[in-house]
Amino acid sequence: MKNQEIARIFNELAEYLEMEGVAFKPYAYQKAALTLENLKDDVAAIYQQGGLKALKKIPGVGESMALKIEEYLKTGKIQYYEEFKQRLPIELNEIMAVEGLGPKKAKILYEHLGIRTLADLEAAAQAHQIAPLFGFGAKTEANILEAIEFVKRSKGRFLLGEILPLAEAVRDRLSRLPEVEQINIAGSVRRMKETIGDVDLLAISRAPDPVMDFFVSLPEVVRVWGQGHTKSSVRTKPGFDMDLRVIPAPSYGAALQYFTGSKEHNIALRKIAIDLGYKLSEYGLFKGSEIIAAVSEEAVYQALGLQWIPPELREDRGEIEAAAAGKLPKLIDYTDIRGDLHVHSNWNGGAHSIADIAAAARQLGYDYVGIADHTKFLRIERGLDEATLEKRNQEIDRLNQQLKDSGHDFTILKGCEANIMADGSIDITDESLAQQDFVIAGVHSQFKMTPEQMTERVITAMHNPHVDIIAHPTGRILKKRTEYEINLDQLIQAAQATGTVLEINAYPERLDLDDLNILKAKQAGVKLIINTDAHHIDQLRYMKYGIGQARRGWAEKPDIINAWPVAEMLKMLK
DNA sequence: GCTATGGATAGCCTAGCATCCCAATGCTA
């Protein structure tokens, strides 16, 4: 799909136009880029079927942009963009990632110092060449150096799984202070986004100063960026920043809404407010100076004619229209999951015995747990061969009998995470697969195939009558490895046709399928399962990250088979 | 440059903050 490439060019064009001081065009390009990024259909296909006219039907795309898309599809280039790039050959993605630098400053830096890359920028700042420039100063130069460090260390984003536990711990400690009346996590953490820039905490307090004192002196804090009565900002040990804002109770709802975002969602809300003759800000919904709603999020949404929208949906991907029509999905809840089918035991690479895993799963309130040990191809994880699998299954039978004898209504399910070989075959025999309650199959080798080969490979595996679930379907590792090239649309079609379930792997580095692909699968009627891929019983708690992504992908209880009673779930499997 | 309204033109999300320079700009959320 060329959608992302064109979106990237449009985003860069927006930045170039911003450099030139052009009004409104940057916004137009940004908007079109955002639409393209989230477009389900391939622009190339749209153009092929309906030509320029069809392109212009894409919201935010008019005559001029349609022509540019056509040009890109035909020649692989957009002349208008190439001219900018030649005149201002700046690595925009690198330079703009530095906090404090925007298009205007990037242009000045290039024209005066020839700065094109992050390395150029660092060298110039270290040589103190930046401070003397007009509009800059010693302070800006120092900030640039610090921001570069941050970009280099983390690319500026952290995994939800790295951040959420600490954010919740800090929230809980603050909530125990007598001065704190209420406290919430806002921002992208509240939206359960897969990666996070920083943490926003919002509190109500009549005595903010002791709260702020407590906050900046938390043991996790390594640096205080600023401390005031309404806002304090710190850097934590793991490297991300945390902001605490104290809001007056009457406008808390508006503030929580505002600071939860996303930016796109908020922009869309403000437009609705304007259409109704209102003005929406972090202080409330106003008509002139009269306050319409502010105390709760529900009140703000209601005054705009909308249902309250769950944070995970707030991305301006149609949730506002759905809320206006009273047709928001009834999202899968964090308490709906009945079991986890992807847990590794110490029969292969896992840390705990099957008995320990079962005990831990029971403690989480599950009805069942599925042991999905690796199969023999994965030597590094001590994958099991057919004979060892059989022995392991005997142990599971024995443990199930024990559970039954002691009156527990809990089942351990026999399974494996088998390997999909390059030709689409499975690395253990069909006889052995047939003995399992369920079979997860995944790609764990030879990631670099052409998209056609990889798609064919996985679809072949789906046609195996024993393969129930495809593990981590795109193979991505966040911040480390991009997904392998695979045609997910075809994969989803094949899953639908073969009755194969696709996994939402809740492991923080994976979160695979991601939110957008979850939505695609759901719309195609494909069933999904949320699994942790736990190798340690503590990792069973990763489930909530998977549920978060499922909610972001609009998934409801009927879409997620491990939210069903165990008998129904087993019936769904092949 | 796009959209909506009406057939050529108006309007595009908002507020606060840091920095640099002492009123304005750029950036961020």
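Letters A, B, ... mirror the listed sequences (proteins, then strands); counts begin at 1.
Comparing atom distances between the E99(A) side chain and each of dT28(B), dC2(B), dG26(B) picks out dT28(B) as nearest. Of all nucleotides listed (dG1(B), dA15(B), dC21(B)), dA15(B) comes nearest to the side chain of Y283(A). Listed candidates were dA29(B), dG1(B), dA15(B). Nearest to the side chain of A28(A) is dG1(B). Of all nucleotides listed (dG1(B), dA29(B), dA15(B)), dA15(B) comes nearest to the side chain of S281(A). Nearest nucleotide to the K104(A) side chain, out of dA15(B), dG1(B), dC27(B): dC27(B).
Not one side-chain nitrogen or oxygen of K31(A) sits closer than 4.0 Å to the OP1 or OP2 atom of dT3(B). Phosphate proximity of dA15(B) to K279(A): present, with a side-chain N or O under 4.0 Å from OP1 or OP2. Dashed line: the shortest gap from a side-chain N or O of N143(A) to OP1 or OP2 of dT19(B) is under 4.0 Å. For the OP1/OP2 pair of dG26(B) and a distance below 4.0 Å, the side-chain nitrogens and oxygens of K105(A) include no atom meeting the criterion. Within the structure, every side-chain polar atom (N or O) of T140(A) is placed at least 4.0 Å from both OP1 and OP2 of dT19(B).
Remark: K68(A) fails to qualify as a cation-pi partner of Y81(A) under the 6.0 Å distance and 45° angle criteria applied to the six-membered ring.
At whole-Å resolution of the value, CD in E18(A) and P in dG1(B) are 15 Å apart. The separation between L34(A) atom CG and dC2(B) atom C1' is 15 Å, rounded to whole Å. Spacing between atom CD1 of I185(A) and atom C1' of dA29(B) amounts to 18 Å, rounded to whole angstrom units. Rounded to whole angstrom, the span from the CD1 atom of I144(A) across to the P atom of dA18(B) amounts to 17 Å. Straight-line distance from the CG atom of L55(A) to the P atom of dG1(B): 16 Å, rounded to whole Å. One interatomic measurement links the two molecules: NZ of K57(A) to C1' of dT3(B), which rounds to 16 Å at whole-angstrom precision. Taking atom CD1 of I267(A) as the reference point, atom C1' of dC12(B) lies 11 Å away to the nearest angstrom. Here dG26(B) presents its P atom at 11 Å from NZ of K107(A), a figure rounded to the nearest Å.
Residues K544(A) and Y334(A) come closest through the heavy atom pair O-CE2, 3.5 Å. Across Y545(A) and L160(A), no two heavy atoms sit closer than the pair CD2-CD2, 3.8 Å.
Residue contacts for P26(A): at a heavy-atom cut-off of 4.0 Å it reaches no nucleic acid atom on any strand shown. When heavy atoms are screened at a 4.0 angstrom cut-off, K139(A) is found touching the sugar-phosphate backbone but no base atom. Using a 4.0 Å heavy-atom distance criterion, I274(A) is classed as a sugar-phosphate-only contact. Within 4.0 Å of Y258(A), counting heavy atoms only, lies at least one base atom of the nucleic acid. V61(A) comes within 4.0 angstrom of sugar-phosphate atoms only, judged by non-hydrogen atoms across all strands, and of no base. If you check every strand for non-hydrogen atoms under 4.0 Å, Y27(A) touches sugar and phosphate atoms only. Counting non-hydrogen atoms under 4.0 angstrom, L17(A) reaches nothing in the nucleic acid. Nucleic acid contact class of K68(A) (heavy atoms, under 4.0 Å, all strands): sugar-phosphate only.
Residues V189(A) and D200(A) form no side-chain contact, since every pair of their non-hydrogen atoms from C-beta on lies 4.5 Å or further apart.
Here, dC27(B) and dA23(B) have their P atoms 22 Å apart, quoted to the whole Å. Comparing dC20(B) with dT28(B), their P atoms sit 14 Å apart, to the nearest whole Å. Straight-line distance between the P atoms of dC21(B) and dG26(B): roughly 12 Å, to the nearest whole Å.
The environment of E82(A) atom CD is dense: over 12 non-hydrogen atoms of other residues, nucleotides or ligands sit within 6.0 angstrom. Around the NZ atom of K520(A), the shell of radius 6.0 Å holds more than 12 heavy atoms that belong to other residues, nucleotides or ligands.
In this structure dG7(B) sits in no base pair that meets the Watson-Crick or G-U test at under 3.5 Å. Judged by Watson-Crick or G-U wobble contacts below 3.5 Å, the nucleotide dT25(B) has dA18(B) as its partner.
E5(A) and Y72(A) form a side-chain donor-acceptor contact under 3.5 Å, judged by distance and modelled atom types alone.
In terms of position along DNA chain B, the nucleotide closest to N266(A) lies nearer the 5' end than the nucleotide closest to the other residue of the pair V98(A) and N266(A). Comparing G137(A) and K271(A) along DNA chain B, the residue whose closest nucleotide (by nearest heavy atom) sits nearer the 5' end is K271(A).
For the pair F136(A) and dT19(B), the ring geometry does not qualify as stacking, because the centroid separation below 5.5 Å and plane angle under 30° are not jointly satisfied.
Taking the six-membered ring for Trp and thresholds of 30 and 60 degrees, Y301(A) and H265(A) have ring planes inclined between 30 and 60 degrees apart.
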